[in-house]
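One structure is given below, encoded as structure tokens.
The chain is numbered in sequence order, starting from 1. For the numbers below, each heavy atom of this structure counts, side chains included, while hydrogens, waters and symmetry mates do not. Everything numeric in this text was worked out from a predicted model, so none of it was measured.
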Amino acid sequence: MKHPLNYADYPAILSVSEARPRGASDYDIRSGRNFPSAAWGIRFDDSTPTQFPVPTWADDVWLGEAKLLRALAHRHPGVVACRETAARLFGWPLPPSSRSDNLHVAVSDTNKRIRRKGVTLHRMRVLRTVTWLGLPVLRPLQVFSQLASVCSVESLVKIGDAAIGDWKSSPQFSLENLTAHISGTRHLRARPKLQVAVGLIREDVDSPMETDLRLWAIAQNLPEPVVHPAVYCPTINQTLHPDLGYPKEKLALEYEGDHHRTSEYQWAADIDRVNALKIAGWTVIRVTKLTNRRQLERDIRQYLGLQ
């Protein structure tokens, strides 16, 4: 994994019988004092933590889910994260409408029961797993296909762009492997939706905003812009790659988040970048979240010579 990692202290995970030799009294067990409950029959021991790798972007919610997953896997061997939980652990951009506070886990044992508030158990006939930062997680390809039940096509495209791209984490699968998985998996739910989404996923996308802008252009019946077209800029003797563009017409679309405005370094770099593209003969349209999309559509149509 090439992305930088931090290390966080995970508490030791103990069964109740293992906690007693460490000094846990009956009151500790009942109340959770000193040895807080992680799952039925499982306790955390903060006095003997172990360091585990975590992404630099991980927040308290991410860490909480990771700790609970480790506890459940200790109590129930074979349990793995799936669906929304796995997507969050991977760093995929879930839409607000599909976010679930529950911890989603899967097992292959059809008779398995886990009764714990905040945990949703899924039983799967085919369970392929990977270890992600020391955590048992369903294979990313399976996670992606699971999300079709809770995500729109547009959200699946955004997630797919992230999963095969280099966003928060290194690529989890390739577009070729995803296409083969969707076409080759039997009894796949929401296959038509997944096939439409796969047809719109592109490689080398840098952010959800780029995906949104590209899908918006398609929805307006504009020609689909190319992701990161190569533009040689002689004044700086470099090849730049604007976010989106129409190479034949030499029109670039650059999405600029708020950090482009608040960072002096980023602001200066953007000016140099736009100047180099302009001198190379390209027109640059800069887009923000507040850009008037109707005017943007008119500008693109006029530049491309469309009615």
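- The distance from atom CD1 of I182 to atom OG of S145, rounded to the nearest 0.5 Å, is 5.5 Å.
- Side-chain atoms of D161 do not come within 3.5 Å of backbone N or O of V205 as any donor-acceptor pair.
- At distances below 3.5 Å, not a single donor-acceptor pair connects side-chain atoms of R214 with backbone N or O atoms of D212.
- In this structure, CZ on R83 lies 10.5 Å from CZ on R88, to the nearest 0.5 angstrom.
- The CG atom of L94 lies 9.5 Å from the OG1 atom of T85; values are rounded to the nearest 0.5 Å.
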Discussion item. Set out, in order, the CA-CA distance, both residues' side-chain angles and the distance that settles side chain to side chain contact (heavy atoms under 4.5 Å, CB included) for T185 and Q142, then state yes or no.
Written reply: CA-CA 10 Å; T185 302; Q142 282 188 287; over 6 Å; no
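- Using a 3.5 Å distance cut-off with no hydrogens or angles, the side chains of T283 and Y303 do pair a donor with an acceptor.
- V130 approaches P140 most closely through the heavy-atom pair CG2-CD, 4.1 Å.
- Residues A73 and V79 come closest through the heavy atom pair CB-O, 4.2 Å.
- Looking at every heavy atom in both residues, P93 comes nearest to P208 through CB-CG, 4.3 Å.
- For residues 192-204, the pairs satisfying side chain to side chain donor-acceptor pair (under 3.5 Å) are R202-E224, with sequence neighbours left out.
- Considering OG1 of T50 and OH of Y7, their distance stands at 13.5 Å, rounded to 0.5 Å.
- The shortest side-chain heavy-atom distance between R293 and L213 falls under the 4.5 Å cut-off.
- Looking at every heavy atom in both residues, L133 comes nearest to P53 through CB-O, 3.8 Å.
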Would you be so kind as to tabulate the donor-acceptor pairs closer than 3.5 Å made by side chains of residues 215-222, with sequence neighbours excluded?
none

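- Remark: side-chain polar atoms of W57 are not paired, donor with acceptor, to backbone N or O of G91 under 3.5 angstrom.
- Aromatic ring orientation, H241 versus H228: perpendicular (interplanar angle above 60°, classes split at 30° and 60°).
- The closest side-chain heavy-atom distance from Y10 to V54 is below 4.5 Å.
- The closest side-chain donor-acceptor pair between W132 and Q172, if any, does not fall under 3.5 angstrom.
- Taken to the nearest 0.5 Å, the NE2 atom of H181 stands 5.5 Å off from the CG atom of L188.
- Taking CD of Q146 as the start and CG of L138 as the end, the distance is 5.0 Å to the nearest 0.5 Å.
- By the 30° and 60° cut-offs, the orientation of the rings of F144 relative to F173 is perpendicular.
- Judged purely by atom type and a 3.5 angstrom limit, N102 has no side-chain atom pairing as donor or acceptor with the backbone of H104.
- Among all heavy-atom pairs drawn from P49 and D9, the shortest one is CB-CB, 3.7 Å.
- Remark: the backbone N or O of T288 is not paired with any side-chain donor or acceptor of E256 at under 3.5 angstrom.
- Heavy-atom minimum distance, R123 versus T110: CD-O, 3.2 Å.
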